[in-house]
Number of protein chains: 2
Amino acid sequence: MLETTNERAGMPAVSATQGRPSGSAGTQRRKAGRPAAAVLDKAGITAAALELINRKGYDGLTMAALAKELDVAPSALYNHVASKQDVLLLVEDHLMSLVDVSGFGSGAWEDAVRTWAWSYRDVFAAHTPLIPVIAVLPVTDAPQTLAMYETVSKGFADAGFPQEHIIPAVVALESFIFGSAYDVTAPEDIFESGSMAESTPYFTAAVRSSASRQDAPAGQERGRPADTAFHRGLEALIAGFGAIRK
Amino acid sequence: MLETTNERAGMPAVSATQGRPSGSAGTQRRKAGRPAAAVLDKAGITAAALELINRKGYDGLTMAALAKELDVAPSALYNHVASKQDVLLLVEDHLMSLVDVSGFGSGAWEDAVRTWAWSYRDVFAAHTPLIPVIAVLPVTDAPQTLAMYETVSKGFADAGFPQEHIIPAVVALESFIFGSAYDVTAPEDIFESGSMAESTPYFTAAVRSSASRQDAPAGQERGRPADTAFHRGLEALIAGFGAIRK
DNA sequence: TCTAATAAATGAATGCCGTTCATTTAGTGG
DNA sequence: CCACTAAATGAACGGCATTCATTTATTAGA
């Protein structure tokens with residue numbers, strides 16, 4: 001329930017991580033009691049969490065590890081966030097700012113959606129543990145997320161979408177994107193049926209013939225199987241929704 | 001690494017939970033050492049896990065709670081499963097048998113896909129914590145899952161799909177289904193922008209106009225916003241993929 | 001300017017969780 | 001018949017998020 005002074009999370013967050021960088025070994029023990037200058041803030045916590053995630057993955061993101069990264073006692077974190085879920089929320093909102101919405105407003109609607117969807121998928125394919133968080137997160141608490149929705153909504157409206165069709169279309173696209181992000185992380189041999197292969201002839205045959213490499217990644221379609229599925233599904237959705245426009 | 005005798009998981013699993021039902025209070029202490037008749041098996045563990053999930057949710061599914069449900073010490077579970085992840089896997093595969101694939105083989109391909117997709121989504125909307133498990137699960141370890149893929153693959157093949165297009169299409173549909181399952185669980189007011197409403201006019205307007213209740217759920221489309229988005233996306237995918245057929 | 005309230009840190013403690021291990025007992029194969 | 005293995009108990013472990021009492025510094029108000 002405590003709130004820091006630099007609370008407005010939409011701001012550029014001037015002083016990200018202060019003076020002494022996190023990792024340095026020779027830092028001497030800090031005494032108990034409030035320090036002269038605050039050590040922690042939300043921007044610093046977010047940056048440290050991302051650093052930790054990139055280095056050790058989501059299993060490595062513990063409150064203890066995060067505290068160590070920031071050279072702080074674990075309990076100190078709770079002066080700035082209410083829970084670990086709160087930390088994930090900060091990270092999630094930061095990642096949303098990495099999603100490319102630049103296509104909206106410049107070129108064709110189809111191209112804008114393609115750019116947006118591919119970058120959205122790529123960002124969260126590297127952060128699938130956040131997907132359950134996003135899917136349930138009220139946008140009020142996530143300014144970057146809200147900003148993305150605003151740009152996308154405007155893009156759809158300008159492209160001639162009837163207002164009441166915009167949200168369902170965006171939600172459907174997002175659902176496809178989140179599911180596809182998981183797909184990227186799946187092991188290559190996930191569909192190998194092994195010993196039961198002869199009892200599943202149709203499936204086995206389908207898997208085998210889809211695995212034949214298409215070496216020419218024409219246009220947006222990239223190399224891996226997950227990319228092919230994403231490409232096809234995305235084009236189907238774009239075609240289907242594109243027809244709705246006034 | 002340990003394996004029980006009744007290992008072939010595809011079998012009907014005759015003796016689900018044995019004699020003494022789980023919850024009864026007056027059960028006297030069981031002595032240490034191997035009991036005359038085995039208390040646990042995979043089918044029983046699966047059933048107890050599902051019961052627990054239905055009653056307490058996924059937060060309530062702990063190895064300790066599962067053990068108590070089965071009137072057993074927690075460590076006993078590890079004679080039958082290697083880890084909690086293993087339990088989730090058993091549950092996941094069981095749920096797959098609840099997905100309705102009956103449409104494939106009888107009527108039109110489009111209708112079969114609709115029936116399959118809606119039931120698939122509904123099953124996993126109630127079990128979203130399993131989605132990260134599924135997305136990465138090798139089908140070898142999941143006979144029910146494999147059976148579902150076989151039926152669906154055959155359905156696509158019979159409908160005239162070129163073999164190499166089947167898996168990408170199914171994967172794309174599944175991705176959409178998983179993402180949409182999350183969407184079902186989202187709070188109704190997730191898009192309420194609250195205090196920042198005036199800084200996001202397009203988004204706010206779109207949310208407002210999509211929220212106007214459509215009281216007539218024509219055909220497959222059901223009432224809630226998540227259903228509308230799922231309906232539209234699914235129809236777009238069906239239309240897009242349907243065009244591929246020979 | 002003094003002072004009470006508040007903010008921000010430490011460090012100890014809590015309870016739960018998944019999992020492991022030594023031990024005990026009961027069937028099973030050679 | 002006997003060694004081996006399977007299946008249970010119960011104690012223990014380390015790691016986790018979180019809470020609380022305490023200390024110190026800053027800030028607001030009389």
Side-chain angles (χ1 to χ4, degrees), chain A residues 1-7 15 18-20 22 27-45 48-49 52 56-89 129 133, chain B residues 1-7 15 18-20 22 27-45 48-49 52 56-89 129 133:
Chain A
M1 293 293 176
L2 297 175
E3 295 294 352
T4 49
T5 44
N6 48 359
E7 181 56 14
S15 65
Q18 18 300 68
R20 194 171 287 279
S22 48
T27 45
Q28 59 221 14
R29 268 262 146 288
R30 190 186 297 108
K31 298 296 175 188
R34 180 180 187 170
V39 179
L40 297 177
D41 59 31
K42 289 194 178 182
I45 291 172
L52 203 49
K56 313 257 183 141
Y58 276 86
D59 284 351
L61 179 65
T62 67
M63 295 302 271
L66 185 54
K68 176 172 281 187
E69 180 82 15
L70 290 158
D71 192 31
V72 140
S75 54
L77 295 168
Y78 291 86
N79 288 324
H80 302 267
V81 295
S83 62
K84 183 180 178 178
Q85 176 80 5
D86 224 1
V87 175
L88 293 179
L89 224 131
V133 177
Chain B
M1 293 293 177
L2 297 178
E3 294 295 350
T4 50
T5 46
N6 50 0
E7 181 56 16
S15 65
Q18 343 345 43
R20 195 171 286 280
S22 50
T27 46
Q28 59 220 12
R29 264 266 147 284
R30 190 187 296 109
K31 298 295 175 189
R34 182 181 186 172
V39 180
L40 296 177
D41 59 30
K42 289 193 178 181
I45 291 172
L52 202 51
K56 314 258 181 136
Y58 276 86
D59 284 351
L61 179 64
T62 67
M63 295 302 271
L66 185 54
K68 176 172 279 186
E69 179 83 13
L70 290 159
D71 192 30
V72 138
S75 54
L77 294 168
Y78 290 86
N79 289 323
H80 302 266
V81 296
S83 62
K84 182 180 181 178
Q85 175 81 4
D86 225 1
V87 175
L88 293 179
L89 225 132
V133 177

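Proteins get letters first, then strands, A, B, ... in listed order; numbering begins at 1 in each. These values consider heavy atoms only, across backbone and side chains, with no hydrogens, waters or symmetry-generated copies.
- A donor-acceptor pair is defined here as one N or O able to donate and one able to accept, closer than 3.5 Å; such a pair exists between the side chain of Lys84(B) and the backbone of Leu61(B).
- With sequence neighbours left out, the side-chain contact (heavy atoms from CB on, under 4.5 Å) criterion links Ala65(B) to Leu52(B), Thr62(B).
- Atom pair Asp41(B):CG and dA6(D):P shows a separation of 16 Å (rounding to whole Å applied).
- Here the shortest heavy-atom pairing between Ala76(A) and Val72(A) reads CB-CG1, 3.3 Å.
- One can place NZ of Lys68(B) at 15 Å from C1' of dG10(D), the figure rounded to the nearest angstrom.
- Closest to the Arg34(A) side chain, of the nucleotides dT9(D), dA8(D), dA25(D), is dA25(D).
- For Pro74(A), the side-chain contact (heavy atoms from CB on, under 4.5 Å) test picks out Ala67(A), with sequence neighbours left out.
- The base of dA7(C) has none of its N or O atoms less than 3.5 Å from a complementary donor or acceptor on the side chain of Asn79(A).
- If you run side chain to side chain contact (heavy atoms under 4.5 Å, CB included) between Leu40(B) and each of Asp71(B), Val81(B), Leu77(B), Asn79(B), only Leu77(B) comes through.
- Between Met63(A) atom CE and Leu66(A) atom CG the span is 6.5 Å, to the nearest 0.5 Å.
- Under the rule for a side-chain contact (heavy atoms from CB on, under 4.5 Å), the partners of Ser83(B) that lie at least two apart in sequence or sit in another chain are Gln85(B), Asp86(B).
- The distance between atom CG of Leu70(A) and atom P of dA9(C), rounded to the nearest whole Å, is 10 Å.
- One atom, CG of Leu77(A), and another, P of dA7(C), lie 18 Å apart when rounded to the nearest Å.
- The side chain of His80(B) contributes an N or O atom lying less than 4.0 Å from OP1 or OP2 of dA8(D).
- Between the two ends of the helix from dT1(C)-dA30(D) to dG30(C)-dC1(D), each summarised by a five-pair axis, the helix axis turns through 10° (rounded to 10 degrees).
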Can you give me the N/O atom pairs linking the protein to nucleotides 15-19 of chain C at distances under 3.5 Å, or say none if there are none?
| unit_1 | atom_1 | unit_2 | atom_2 | d |
| --- | --- | --- | --- | --- |
| dG18(C) | OP1 | Lys84(B) | NZ | 2.9 |
| dG18(C) | OP2 | Met63(B) | N | 2.9 |
| dT19(C) | OP2 | Tyr78(B) | OH | 2.8 |
| dT19(C) | OP2 | Lys84(B) | N | 2.8 |
| dT19(C) | O5' | Tyr78(B) | OH | 3.4 |

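- A pairwise comparison of heavy atoms in His80(A) and Asp41(A) identifies ND1-CA, 4.2 Å as the closest pair.
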